[in-house]
Amino acid sequence: MFDAEGWHLRRAEAADAMPIRALVRTAYAKYVPAMGRASRPMTADYDAAIRDNQVWVLENDDQILAALVLVAEPVSFLLENIAIAEDIQGTGVGGRMLAFAECEAARQGYAEIVLYTNEKMGDNTGYYARRGYSETHREPFGDTMVIHMKKQVA
């Protein structure tokens, strides 16, 4: 999936928690002015996520370029977070990471993958819609709305 660049996709290890946290904080910083606060991924406990969920990292020479947090729930497969390093955003890496998440959902026996985004996070809803996700519902969260989306994968 990332062989052409010489990058490696692997499961995260405990030592990756701090670099993942730094990557996510940088990748999501652009949304803070619109939201008026740090987003949920920016404040997440990545030690617990690595221990309890399926966290993947894309790396190049021991530098983490992207991170993906997947949660296998009883009914659906949740894409909880995807973060791409700023210098490679817009190059298609996010789409390939998303495709990997969808393949993992199907491989693990799920018929769909679900995610959520904040309405104040730019064009995330449009980005996911262009990749086959449909909005299922919205829910209020403080002064904004969380948009829930899903895609059939099997």
Side-chain angles (χ1 to χ4, degrees), residues 1-5 7-13 16-32 34-35 37-60 63-73 76-108 110-136 138-139 141 144-154:
M1 179 173 276
F2 296 100
D3 294 337
E5 294 91 345
W7 299 342
H8 178 68
L9 183 64
R10 65 170 174 80
R11 285 290 291 265
E13 301 168 353
D16 296 321
M18 190 177 301
I20 290 170
R21 189 175 300 110
L23 168 74
V24 171
R25 286 182 179 158
T26 301
Y28 281 77
K30 63 186 173 191
Y31 301 123
V32 172
M35 295 178 68
R37 62 174 172 77
S39 66
R40 186 171 171 183
M42 294 174 78
T43 61
D45 181 346
Y46 289 100
D47 293 295
I50 291 168
R51 183 183 62 245
D52 301 336
N53 300 307
Q54 300 173 38
V55 180
W56 295 83
V57 293
L58 179 66
E59 67 181 357
N60 180 28
Q63 178 186 2
I64 294 178
L65 305 173
L68 179 67
V69 179
L70 305 172
V71 180
E73 296 182 329
S76 58
F77 197 72
L78 172 66
L79 189 164
E80 187 171 76
N81 184 11
I82 185 168
I84 312 298
E86 279 186 302
D87 59 335
I88 60 169
Q89 288 179 10
T91 65
V93 171
R96 289 189 279 170
M97 295 289 285
L98 189 58
F100 172 79
E102 293 162 5
C103 287
E104 276 301 295
R107 187 185 70 76
Q108 295 180 40
Y110 290 89
E112 66 183 21
I113 186 167
V114 298
L115 59 83
Y116 55 86
T117 187
N118 189 294
E119 69 178 351
K120 293 184 178 180
M121 287 186 162
D123 188 37
N124 281 359
T125 305
Y127 175 86
Y128 292 119
R130 289 187 296 277
R131 285 152 182 81
Y133 287 77
S134 58
E135 185 176 326
T136 59
R138 292 178 179 230
E139 69 177 311
F141 183 79
T144 188
M145 297 294 280
V146 175
I147 303 167
H148 294 261
M149 303 181 84
K150 73 175 179 178
K151 179 180 181 178
Q152 300 300 310
V153 294

Return the minimal non-hydrogen interatomic distance between Pro41 and Val24, and the atom names on each side.
O-CG1, 3.3 Å
Stepwise, does the side-chain contact (heavy atoms from CB on, under 4.5 Å) test hold for Leu68 with Leu9?
CA-CA 10 Å; Leu68 179 67; Leu9 183 64; over 6 Å; no
Should Asp45 and Arg51 count as an ion pair when the cut-off is N to O under 4.0 Å?
no
Restricting to non-hydrogen atoms, name the atom on Ala49 and the atom on Val55 that form the minimum distance, rounded to 0.1 Å.
O-CG2, 3.4 Å
Indicate the atoms forming the closest heavy-atom contact of Asp47 with Ala17, along with that distance.
OD1-CB, 3.2 Å
Which atom names give the shortest non-hydrogen contact between Gly94 and Ile82, and what distance separates them?
O-CD1, 3.7 Å
Nearest non-hydrogen partners of Ala101 and Phe77, listed with the distance
O-CE2, 3.8 Å
When you measure from the side chain of Tyr110 to the backbone N and O of Glu104, does any donor-acceptor pair fall under 3.5 Å?
no
When rounded to the nearest 0.5 angstrom, what is the spacing between CG in Asn81 and OG1 in Thr117?
10.5 Å
When rounded to the nearest 0.5 angstrom, what distance separates CD1 in Ile64 from CZ in Arg21?
11.0 Å
Enumerate, atom names and distances included, each donor-acceptor pair closer than 3.5 Å involving a side-chain atom of residues 145-153, sequence neighbours excluded.
{"residue": "His148", "atom": "NE2", "partner": "Glu139", "partner atom": "OE2", "Å": "2.5"}
{"residue": "Lys151", "atom": "NZ", "partner": "Glu102", "partner atom": "OE1", "Å": "3.1"}
{"residue": "Lys151", "atom": "NZ", "partner": "Glu102", "partner atom": "OE2", "Å": "3.4"}
{"residue": "Lys151", "atom": "NZ", "partner": "Arg131", "partner atom": "O", "Å": "2.8"}
{"residue": "Gln152", "atom": "NE2", "partner": "Glu112", "partner atom": "OE1", "Å": "3.2"}

All pairs passing side chain to side chain donor-acceptor pair (under 3.5 Å) where residues 84-95 contributes a residue, at least two apart:
Lys30-Gln89
Do Leu70 and Leu79 touch side chain to side chain, with heavy atoms closer than 4.5 Å?
yes
Hey, what do you get for NE2 (His8) to CG (Leu65), rounding to the nearest 0.5 Å?
12.0 Å
Can the positive tip of Arg10 be found less than 6.0 Å from the middle of the six-membered ring of Trp56, inside 45° of the ring normal?
no
Taken to the nearest 0.5 Å, the spacing of Tyr28 OH from Met35 CE works out to 10.0 Å
Does the side chain of Tyr133 come within less than 4.5 Å of Leu98's, by heavy atoms?
yes
Heavy-atom check, side chain of Tyr116 versus side chain of Arg40, under 4.5 Å:
yes
Which pair of non-hydrogen atoms, one from Ala67 and one from Leu23, has the smallest distance, and what is that distance?
N-CD2, 3.7 Å
Nearest 0.5 Å, please: how far is CG in Asn118 from OH in Tyr31?
10.0 Å
Verify, without hydrogens or angle tests, whether Tyr46 (side chain) and Asp16 (backbone) share a donor-acceptor contact under 3.5 angstrom.
no
